[in-house]
> 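This is the structure I want to talk about, given as structure tokens.
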Amino acid sequence: SMATSSINWSGLKKAFTVGVVEASQAADLDGATKALQKHLQAHSKSFAAPDGKLEPIEGDALCWGFRNQLEALTTAASKKGVPAIKEPAVVQILDLSFECVSKKWASTSLPLQLLNDLFETQSASECQSAFDYVEARVDKLKKEFMTEDLRYILVSTCNTLMKRLSKCSDLVLCSRILMFLAHVLPLSEKSGVNKKSLFNAENVTFYETVDPSAPEDDAMTDDSAPASAPKPAAADSVVVAPGDDELHVNFQFYRTFWELQTLMHDPSAVAGNPDTLQNFCTLLDSVLTVFAAHPFSASEEAALLRSLRYKEFFFPKFLTSTKLIGLQLRDIYFRRHCLVQVLLVLQYLRDNSLRATPLTAAQLEKLARLGGKCDQLLSKIPPNAQGFSSTIRRLLKREQNWISWKKSSCPPFERPP
């Protein structure tokens, strides 16, 4: 083996860069591999030996050659106005880095470093094409690069990319990145487990706090949540006029409904304060009573099936205007989303192991009663009411199993044969 002190670092960088350049210009991956191997044998005595390994400093020089050539190629592609990943030489470089790792010619971090360099030089739109390449190599990444250090590089690269993307215009790419990480990383990966069960408390719901139909002298515009909780709405606060499909909702119920949403965005705060928990239960009971008093009719179900044709919809955030609440309550999907959200929050609140101060038996009984009422309402909402309700129950059971697994410090799923 060659002594490290006798290696010419500058000469190695130049020689290995020439080898990478020639390899990137080869007709195919096999030709690229042979071209690079020729240069490694010519300039590394240790590589030419029977075991065919590079000294650590030689491996660093090879990595430098790859990154230097990738930078040159991405710069040239930028000048031509095309995404770098569309250049065959760039794809060849990336594929060759995977090949070097499989042949143990280079550090296993080399492909991930190159991908990180590539994303850093591309615009958000160009990153979509580059991510196509990553998704096409997902099996290789999952097989070869799952040590803790390499997972950190991969997660860091993806997180850095997502910070650059818009959650509105780049929503699809953001979703693809999350799906990719979920597929590649093990279930026990700390970055995706949320061991502390933290909530996104920044997701605040703003709604009107002054009745817009009140006299102008009394009305004031305020888009923030009220300082004090509203009084629970009575069941008769929502009425249906004869021949009118829209529910007519008074302002009392409007405030009751959206105040409930402001409580559910952080269930840990609800469980930690007995007064807040009592207010939550009172408001929820009032809303569920109104839901039960105004079920969906058979004609509404038929109209839904004709208009939507079983299409599903996702709403990242519902509007909170007083002018919409009547229509929203007649929206089957709106009511479903609300009830599913309530079931998730109730399941969290009933788990005493997630908080320092456990709930009393009376509090747990009240939450269980509200959960049963909510599940009963969900099982009556078309289409496929019973099937949908049964699916939600199974998902909640899996969620409970997931929480139990996290409380056990995420033990590995793998078992010896």
Side-chain angles (χ1 to χ4, degrees), residues 197 199 205 232-235 237-238 247 249 253 256-271 276-298 300-301 304-305 308 310 312-315 318 325 328-355 358-406:
S197 298
F199 294 91
T205 299
S237 60
V238 179
L247 292 181
V249 182
F253 177 81
T256 297
F257 180 84
W258 289 114
E259 170 68 12
L260 184 63
Q261 290 293 318
T262 65
L263 293 175
M264 288 196 292
H265 90 288
D266 188 5
S268 59
V270 175
T276 305
L277 179 62
Q278 176 60 37
N279 183 41
F280 168 79
C281 292
T282 303
L283 295 178
L284 177 58
D285 194 27
S286 174
V287 170
L288 295 181
T289 299
V290 171
F291 280 4
H294 299 279
F296 293 100
S297 64
E300 286 175 314
E301 179 181 359
L304 173 77
L305 298 182
L308 300 181
Y310 295 101
E312 295 289 341
F313 297 93
F314 172 71
F315 303 95
F318 285 108
I325 186 66
Q328 288 171 326
L329 293 181
R330 299 310 299 176
D331 186 328
I332 286 175
Y333 289 107
F334 180 86
R335 194 176 295 194
R336 265 186 175 176
H337 286 171
C338 294
L339 292 174
V340 170
Q341 180 190 16
V342 169
L343 286 173
L344 287 168
V345 171
L346 289 175
Q347 177 163 280
Y348 170 83
L349 294 176
R350 290 199 299 267
D351 193 341
N352 271 330
S353 63
L354 296 176
R355 61 188 64 87
L359 301 182
T360 65
Q363 289 172 324
L364 291 173
E365 182 181 356
K366 182 178 295 185
L367 293 174
R369 180 182 63 80
L370 291 172
K373 189 174 182 180
C374 185
D375 186 63
Q376 184 179 15
L377 289 172
L378 192 64
S379 65
K380 296 179 180 179
I381 299 178
N384 190 25
Q386 292 295 334
F388 183 84
S389 177
S390 176
T391 300
I392 294 300
R393 284 195 294 270
R394 289 197 302 271
L395 291 176
L396 289 172
K397 179 62 178 178
R398 293 190 65 178
E399 174 72 8
Q400 191 60 49
N401 293 338
W402 172 262
I403 293 173
S404 299
W405 174 70
K406 289 199 294 183

> Closest heavy-atom contact between His265 and Phe199?
O-CB, 4.0 Å

> Would you say Leu277 and Leu359 make side-chain contact, with heavy atoms under 4.5 Å?
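Yes - at least one pair of side-chain heavy atoms lies under 4.5 Å apart.
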
> Measure the spacing between OG1 of Thr256 and CG of Leu284 and express it to the nearest 0.5 Å.
11.5 Å

> If you measure from CG on Asp375 to CG on Leu370, what distance do you get to the nearest 0.5 Å?
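Result: 12.5 Å between the selected atoms.
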
> In this structure, are over 12 heavy atoms from other groups packed under 6.0 Å from Glu399 atom CD?
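Atom CD in Glu399 is packed in, count exceeds 12.
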
> Quickly, which of Thr289, Val342, Leu339 forms a side-chain contact (heavy atoms from CB on, under 4.5 Å) with Lys373? Name it, please.
Thr289

> Can you confirm whether more than 12 heavy atoms, excluding those of Gln400, are under 6.0 Å from its CD atom?
yes

> To the nearest 0.5 Å, what is the distance between CD (Glu259) and OG (Ser286)?
12.0 Å

> Under 30°, 30 to 60°, or over 60°: which ring-plane class applies to His337 and Phe318, parallel, tilted or perpendicular?
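Rings of His337 and Phe318: tilted, 30 to 60°.
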
> Return the NZ to CZ distance between Lys366 and Phe280, rounded to the nearest 0.5 Å.
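Between Lys366 NZ and Phe280 CZ, I get 11.5 Å after rounding to 0.5 Å.
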
> When you measure from the side chain of Ser379 to the backbone N and O of Gln376, does any donor-acceptor pair fall under 3.5 Å?
yes

> When you compare the side chain of Gln278 with that of Gln363, does any pair of heavy atoms fall below 4.5 Å?
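No. Closest side-chain heavy atoms not under 4.5 Å.
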
> On a heavy-atom basis, which atom in Ile332 and which in Pro383 lie closest, and how many Å separate them?
CG2-CD, 4.5 Å

> Could you tell me if the side chain of Ile381 sits less than 4.5 Å from the side chain of Phe388, heavy atoms only?
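The answer is no, as the side chains (C-beta and beyond) never meet within the 4.5 Å cut-off.
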
> Could you report the tightest heavy-atom contact between Ala271 and Leu349, atom names first, then the distance?
CB-CD2, 3.6 Å

> Output the distance between atom CG (Leu283) and atom OG1 (Thr262), rounded to the nearest 0.5 Å.
8.5 Å

> Can you check whether Leu364 reaches Asn352 side chain to side chain, under 4.5 Å on heavy atoms?
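In short, these two side chains touch, coming nearer than 4.5 Å.
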
> Check whether any side-chain heavy atom of Tyr348 sits under 4.5 Å from a side-chain heavy atom of Ile403, and report yes or no.
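When only atoms from C-beta onward are counted, Ile403 and Tyr348 do not touch, as no gap falls below 4.5 Å.
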
> Minimum heavy-atom separation for His294 to Arg330, with atom names?
O-NH1, 3.7 Å

> Grab the two heavy atoms, one from Asp266 and one from Ser268, that are nearest each other, plus how far apart they are.
OD1-OG, 2.6 Å

> Does either side chain, that of Lys380 or that of Ser389, offer a donor lying less than 3.5 Å from an acceptor on the other one?
no

> Are the ring centres of Phe334 and Phe257 closer than 6.0 Å?
yes

> Give, for atom CZ of Phe291 and atom CG of Leu378, the distance between the pair rounded to the nearest 0.5 Å.
11.0 Å

